[in-house]
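In what follows, a single structure is set out as structure tokens and then discussed.
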Amino acid sequence: MKTLLILIVFVSSFHFLFGDYFCKDRHTDDQLVKFHPLRHCQRSNKSIVAVEYFRTVKECAKFARENKALAFNFSPTKRGMINKFEKKNKTITHYNKNKSPSGKDIIEQSEEYYNCQILQCPELRNFSTLINDTRFDYYSAYVNPPPPENASCLPGVGMFIYYEKPENYSRAFNACREINSSLADILSDLRTSSLSQLMQSKFNSTHKEMAFVDLKEKEHNKTTLKSTFCTSYEYPLECYAYRAWSPGFPRRFKNTACVTITTTNSWKVVPCSLKQPFICELFPTGPNRTVSLAKKCSITRNNNP
């Protein structure tokens with residue numbers, strides 16, 4: 001009896017001390033998104049979700065994290081209020097400075113009033129929406145390298161690539177690893193719904209309605225007939241409250257089962273050997289050591305390497 005009591009105390013203490021470690025999520029708040037400068041004397045024209053005035057770039061970065069943003073534009077106070085590129089081209093837009101902006105003007109005219117612009121999505125590798133602006137620098141969570149042109153931005157979640165060519169789970173996993181990513185995390189309502197919408201946008205009559213994601217059967221209890229599912233980081237599904245199983249799932253297969261996300265905002269399991277499309281989640285990257293913000297903005301030479 002005494003031995004049993006000691007064992008119970010030990011197990012309880014072990015869970016108290018190490019339980020949080022085993023359930024640690026790669027998306028927890030203590031793993032803050034880090035932003036790095038990517039373009040000097042330029043700003044992104046991506047959708048702005050919030051604006052504010054701050055004295056330091058650190059304050060702007062904190063504001064970006066609070067708004068679950070993936071990038072931002074910041075204007076150091078010493079840069080002044082005039083975009084010298086516009087001045088050179090005689091295209092300066094003059095707004096009424098006698099009143100504070102309101103409504104949509106806050107966003108459309110924000111560079112005239114605020115030095116911190118929070119962006120919903122980052123620039124892709126082609127930098128297609130950058131604007132020359134001597135007042136601003138562009139910062140991103142995806143810097144070295146920026147996301148490729150085939151990446152999809154899911155606001156408040158991250159950057160993803162959908163691969164329509166079917167592969168088995170093992171090959172899908174390795175394909176993601178080769179591009180500095182992992183199979184997509186689906187363990188929240190926002191993530192499942194956002195990725196399901198991404199699936200819907202890619203879906204047509206030639207595509208399958210399911211795609212592999214980062215959840216795989218680890219073991220099957222023959223007594224309880226229940227399976228244990230884990231992420232590639234060995235975090236068990238039991239660590240999370242959220243579930244999105246389709247009716248009748250998860251099912252048991254002769255061989256190991258892997259989880260797919262569907263176009264109907266749900267999860268299903270299939271044999272890991274079965275070929276399916278898959279979704280990779282890009283890791284934030286950076287910094288780019290060649291970007292220097294120390295140089296004075298020039299309107300005649302290239303400000304970026």
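Model, not experiment: these values are computed from the prediction.
- Side-chain polar atoms of Asp214 and Ser232 form a donor-acceptor pair below 3.5 angstrom.
- Other residues, nucleotides and ligands contribute only 12 or fewer heavy atoms inside 6.0 Å of the CZ atom of Arg55.
- For Lys216, there are no salt bridge (Lys or Arg N to Asp or Glu O under 4.0 Å) partners two or more places apart in sequence or in a different chain.
- No side-chain donor-acceptor contact under 3.5 Å links Ser181 to the backbone of Leu282.
- Residues satisfying the ring pair (Phe, Tyr, Trp, His ring centres under 6.0 Å) criterion with Phe229, sequence neighbours excluded, are Trp245.
- In this structure, CG on Asn303 lies 4.0 Å from SG on Cys41, to the nearest 0.5 angstrom.
- Remark: the Thr56 side chain and the Glu59 side chain contain an N/O donor-acceptor pair separated by less than 3.5 Å.
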Determine whether His40 and Cys297 satisfy the following criterion, side chain to side chain contact (heavy atoms under 4.5 Å, CB included), listing intermediate values before the conclusion. CA-CA 8 Å; His40 183 42; Cys297 292; 4.1 Å; yes
Ile279 vs Ile161, side chain to side chain contact (heavy atoms under 4.5 Å, CB included): CA-CA, chis, key distance, verdict: CA-CA 6 Å; Ile279 304 174; Ile161 299 178; over 6 Å; no
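- Across Glu112, Glu111, Glu86, a single residue satisfies side chain to side chain donor-acceptor pair (under 3.5 Å) together with Arg135, and that is Glu112.
- Checked against Arg43 for a side chain to side chain donor-acceptor pair (under 3.5 Å), the options Asn83, Asp133, Asn73 give a single hit: Asp133.
- Using a distance-only test at 3.5 Å, with no hydrogens or angles considered, a donor-acceptor pair links the side chain of Arg243 to the main chain of Leu237.
- Thr192 contributes a side-chain N or O that, together with a main-chain N or O of Ile186, makes up a donor-acceptor pair within less than 3.5 Å.
- Checked by atom type and distance alone, the side chain of Thr264 never pairs as donor or acceptor with a backbone atom of Ser266 at under 3.5 Å.
- Using a 4.0 Å cut-off between charged side-chain N and carboxylate O, Arg39 and Glu123 make no salt bridge.
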Below 3.5 Å, can you tabulate the donor-acceptor pairs from side chains in residues 45-53 to any protein atom, sequence neighbours excluded?
none

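- Of the possible donor and acceptor atoms, none in the side chain of Thr260 sits under 3.5 Å from a partner among the backbone N and O of Val269.
- Pairs engaging residues 167-203 under the disulfide (SG to SG under 2.5 Å) rule: Cys176-Cys280 [sequence neighbours left out].
- Checking side-chain atoms of Ser246 against main-chain N and O of Trp267 turns up a donor-acceptor pair under 3.5 Å.
- Evaluation of the ring-ring contact (aromatic ring centres under 6.0 Å, His included) test over residues 119-153, restricted to residues two or more places apart or in two chains, returns Phe72-Tyr139.
- The environment of CZ in Arg125 is crowded: more than 12 heavy-atom neighbours from other residues, nucleotides or ligands sit within 6.0 Å.
- At a threshold of 4.5 Å between side-chain heavy atoms, the hydrophobic network of Ile, Leu, Val, Met, Phe, Trp and Tyr places Ile261 and Tyr240 in one connected group.
- With sequence neighbours left out, Tyr163 forms a ring pair (Phe, Tyr, Trp, His ring centres under 6.0 Å) with Phe278.
- Scanning for side chain to side chain contact (heavy atoms under 4.5 Å, CB included) contacts around Val291 gives Pro37, Asn288, Leu293, with sequence neighbours left out.
- Scanning for side chain to side chain contact (heavy atoms under 4.5 Å, CB included) contacts around Asn132 gives Gln42, Phe85, with sequence neighbours left out.
- Looking at residues two or more places apart in sequence or on another chain, you find a side chain to side chain contact (heavy atoms under 4.5 Å, CB included) between Pro76 and Phe74, Lys78, Arg79, Asp137.
- Looking at Phe35, Tyr114, Phe54 one by one, the single match for ring-ring contact (aromatic ring centres under 6.0 Å, His included) with Phe63 turns out to be Phe54.
- Under the ring pair (Phe, Tyr, Trp, His ring centres under 6.0 Å) criterion, Phe253 pairs with no residue, sequence neighbours left out.
- Among residue pairs with one or both ends in residues 46-77, those qualifying as disulfide (SG to SG under 2.5 Å) are Cys60-Cys116; sequence neighbours excluded.
- Screening residues 290-304 for salt bridge (Lys or Arg N to Asp or Glu O under 4.0 Å) gives no qualifying pairs among residues at least two apart or on separate chains.
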